[in-house]
Amino acid sequence: MKKELVVSAIKNGTVIDHIPADMLFQVAKILDLTSRNTLVLLANNLDSMKLGKKGIIKCQDLYFNQDEINKIALVAPSATLITIRDYEIKEKMNVGIPSYIEGTVKCYNPKCITNVEKVTPRFDVIDKSELKLQCRYCQKITKKETLTFL
Amino acid sequence: MNLKNRNLISISDYNKEEYLYILKLAEDFEKNPVQDVAKGKVVATLFFEPSTRTRLSFESAVCRMGAKVIGFSDASNSSTAKGESLADTIRTVSCYADLIVMRHPLEGAARVASEVATVPVINAGDGANQHPTQCMLDLYSIMKTQGTLDNLNIAMVGDLKYGRTVHSLVEAMSNFNTTFHLVSPESLKLPSQVKMHIKRKNLKYFQYTEIPDVMDKVDILYMTRVQRERFLDIQDYEKVKNSYVLDKSMLINCKPNMKVLHPLPRVNEIATNVDATPQAYYFQQAQNGVYVRQALIAAILGLK
Ligand SMILES: [Zn+2]
């Protein structure tokens with residue numbers, strides 16, 4: 001039996017599936033979806049085999065670049081990114097936390113040069129499961145709890 | 001070994017063989033401190049925050065090698081005070097000098113400078129982050145006093161949580177099969193991030209809260225200051241403050257080869273009655289800083 005769609009399908013664009021329910025609005029926020037002038041559909045607390053409860057976002061005519069995909073990965077590493085063309089699934093990919101991040105996240109250290117001068121923050125991801133990012137400049141570690149996006 | 005045009009921003013930028021090469025060069029400069037090898041070269045010392053001791057040590061090193069110094073000792077009389085970015089200052093100074101030595105209050109500043117400079121950069125301290133030439137001179141002092149860097153027992157005493165010299169020295173000495181004896185108040189223990197360097201090499205470390213507990217065990221007693229500002233509760237500070245002051249009377253059962261090091265300036269963590277004991281080495285340690293900086297400058301300028 002075909003599963004009924006809770007959120008209506010989009011013709012072209014991107015579907016972000018398998019977002020942990022408590023991260024849905026965080027993902028919407030970091031992708032700046034509130035200020036996009038296009039059809040954006042959000043649904044939360046859908047039943048999920050993998051996550052228990054999940055969220056899903058469908059964005060008409062929106063495609064995300066690597067920087068945006070990195071941001072999604074940092075807050076919702078379980079997410080799947082699905083590209084839709086003419087109602088068909090064109091491409092499906094799991095977002096993964098990259099081992100190096102540039103220009104996405106702020107260094108939490110207020111005394112870091114990247115927070116004072118115009119310097120692009122750069123991090124090595126030293127722990128993907130606990131999400132620990134080591135600043136290439138001040139060497140301090142930004143953790144999940146102290147993560148803010150640029 | 002060729003270190004020409006290499007930056008020195010963090011102690012981890014150089015490997016064990018490179019440390020040893022620099023220490024060997026430093027030994028040569030100690031034997032013969034006045035060598036005109038850098039004649040005609042210009043070294044810029046850019047001190048965005050004042051540090052008289054470190055600046056004079058570098059400038060003394062430069063002068064003894066026959067090179068000239070340009071720069072500033074305080075950001076208030078530099079272009080930074082007029083709002084110029086660090087990157088622009090560094091790009092400009094790169095046109096005037098063969099080597100940049102810089103100190104900056106912000107962490108990571110020296111790394112940023114090395115990315116835009118067209119000449120090599122030596123970090124002379126970036127906030128609480130790194131001060132690699134201090135670490136090199138600590139290594140040199142340990143080698144001079146013990147005859148080797150290998151298989152030593154080293155005590156690190158005081159503020160092990162925030163002390164950047166301690167962190168760098170632990171990282172560097174982890175290359176030499178060191179056993180670490182860590183003496184600190186409970187709240188100022190060595191961070192796990194730094195302990196990783198010890199664990200990665202499968203070395204041993206022991207933690208203590210009192211200096212006498214390590215006195216008969218160690219070859220080096222590396223003292224640092226426990227600062228009042230590091231305690232949330234002033235009563236906690238009052239309770240421990242006297243435990244981290246080294247007095248002559250505590251040296252009675254030390255090993256005959258044991259030496260006391262300190263990155264200086266000292267406030268009260270080493271009583272002045274220690275100064276005249278054979279264990280005191282902290283003033284020679286500062287003197288060694290000039291030789292080590294000569295060695296680094298010579299190597300990075302490609303003169304040695
Ligand atoms: Zn940083």
Side-chain angles (χ1 to χ4, degrees), chain A residues 26 30 65-77 96-150, chain B residues 7 9-13 46 48-49 75 78-91 102-117 121 123 125-132 135 161-164 166-168 170-171 191-197 199-200 229:
Chain A
Q26 187 66 32
I30 60 172
N65 61 32
Q66 194 56 49
D67 188 39
E68 290 165 319
I69 295 169
N70 285 350
K71 288 187 189 181
I72 298 169
L74 290 175
V75 295
I97 295 176
S99 49
Y100 169 71
I101 295 168
E102 187 176 313
T104 306
V105 173
K106 240 171 83 81
C107 179
Y108 92 100
N109 175 12
K111 289 189 184 143
C112 179
I113 188 82
T114 61
N115 288 315
V116 180
E117 297 257 347
K118 276 202 193 89
V119 177
T120 307
R122 305 197 290 146
F123 298 90
D124 292 304
V125 181
I126 57 168
D127 187 332
K128 287 189 184 183
S129 59
E130 294 276 316
L131 200 56
K132 290 182 180 166
L133 315 178
Q134 183 166 34
C135 176
R136 285 212 178 167
Y137 294 100
C138 73
Q139 306 183 343
K140 294 278 183 305
I141 293 168
T142 298
K143 295 177 193 165
K144 205 173 189 164
E145 309 85 72
T146 49
L147 199 68
T148 47
F149 293 95
L150 278 177
Chain B
N7 300 304
I9 306 303
S10 155
I11 195 66
S12 55
D13 292 350
L46 310 183
F48 295 88
E49 80 177 348
S78 78
S79 50
T80 313
K82 298 185 192 121
E84 187 180 47
S85 74
L86 172 64
D88 283 3
T89 304
I90 297 297
R91 281 188 195 103
M102 68 173 276
R103 188 179 187 101
H104 199 286
L106 291 170
E107 297 164 28
R111 184 71 68 194
V112 169
S114 72
E115 288 174 352
V116 296
V121 175
N123 182 7
D126 58 333
N129 185 30
Q130 283 276 330
H131 189 8
C135 186
K161 185 172 179 186
Y162 298 101
R164 67 177 173 191
V166 169
H167 300 171
S168 298
V170 168
E171 180 175 351
S192 54
Q193 200 190 332
V194 183
K195 281 182 188 150
M196 276 307 295
H197 295 295
K199 288 179 185 163
R200 229 177 260 149
E229 308 87 88

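Per chain, numbering begins at 1; letters A, B, ... match sequence-line order.
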What part of A:Glu117 lies closer than 4.5 angstrom to a heavy atom of chain B: side chain, backbone, both or neither?
side chain
Under 4.5 Å from any heavy atom of chain B, what part of A:Ile126 do you find: side chain, backbone, both or neither?
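Neither part, no heavy atoms under 4.5 Å.
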CD on B:Gln193 to NZ on A:Lys140, rounded to 0.5 Å:
8.0 Å
Gap between atom CZ of B:Arg164 and atom CD of A:Gln139 - 0.5 Å precision
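With rounding to 0.5 Å, CD (A:Gln139) is 12.0 Å from CZ (B:Arg164).
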Which heavy atom of A:Cys138 sits nearest to which heavy atom of B:Asn129, and what is that distance?
O-OD1, 3.1 Å
Does the pair A:Arg136 and B:Glu115 meet the rule for a side chain to side chain contact (heavy atoms under 4.5 Å, CB included), with working shown?
CA-CA 12 Å; A:Arg136 285 212 178 167; B:Glu115 288 174 352; over 6 Å; no
Should A:Lys118 and B:Ser85 be marked as a side chain to side chain contact (heavy atoms under 4.5 Å, CB included) after you check the CA-CA gap, both sets of side-chain angles, and the distance that decides it?
CA-CA 8 Å; A:Lys118 276 202 193 89; B:Ser85 74; over 6 Å; no
Step by step, work out the side chain to side chain contact (heavy atoms under 4.5 Å, CB included) result for A:Asn109 and B:Glu107.
CA-CA 9 Å; A:Asn109 175 12; B:Glu107 297 164 28; 2.7 Å; yes
I'd like to know whether NZ of A:Lys111 has more than 12 heavy-atom contacts from other residues, nucleotides or ligands below 6.0 angstrom.
no
Among B:Asp126, B:Ile9, B:Leu106, which has the most heavy-atom pairs under 4.5 Å with chain A?
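Between B:Asp126, B:Ile9, B:Leu106, the count favours B:Leu106.
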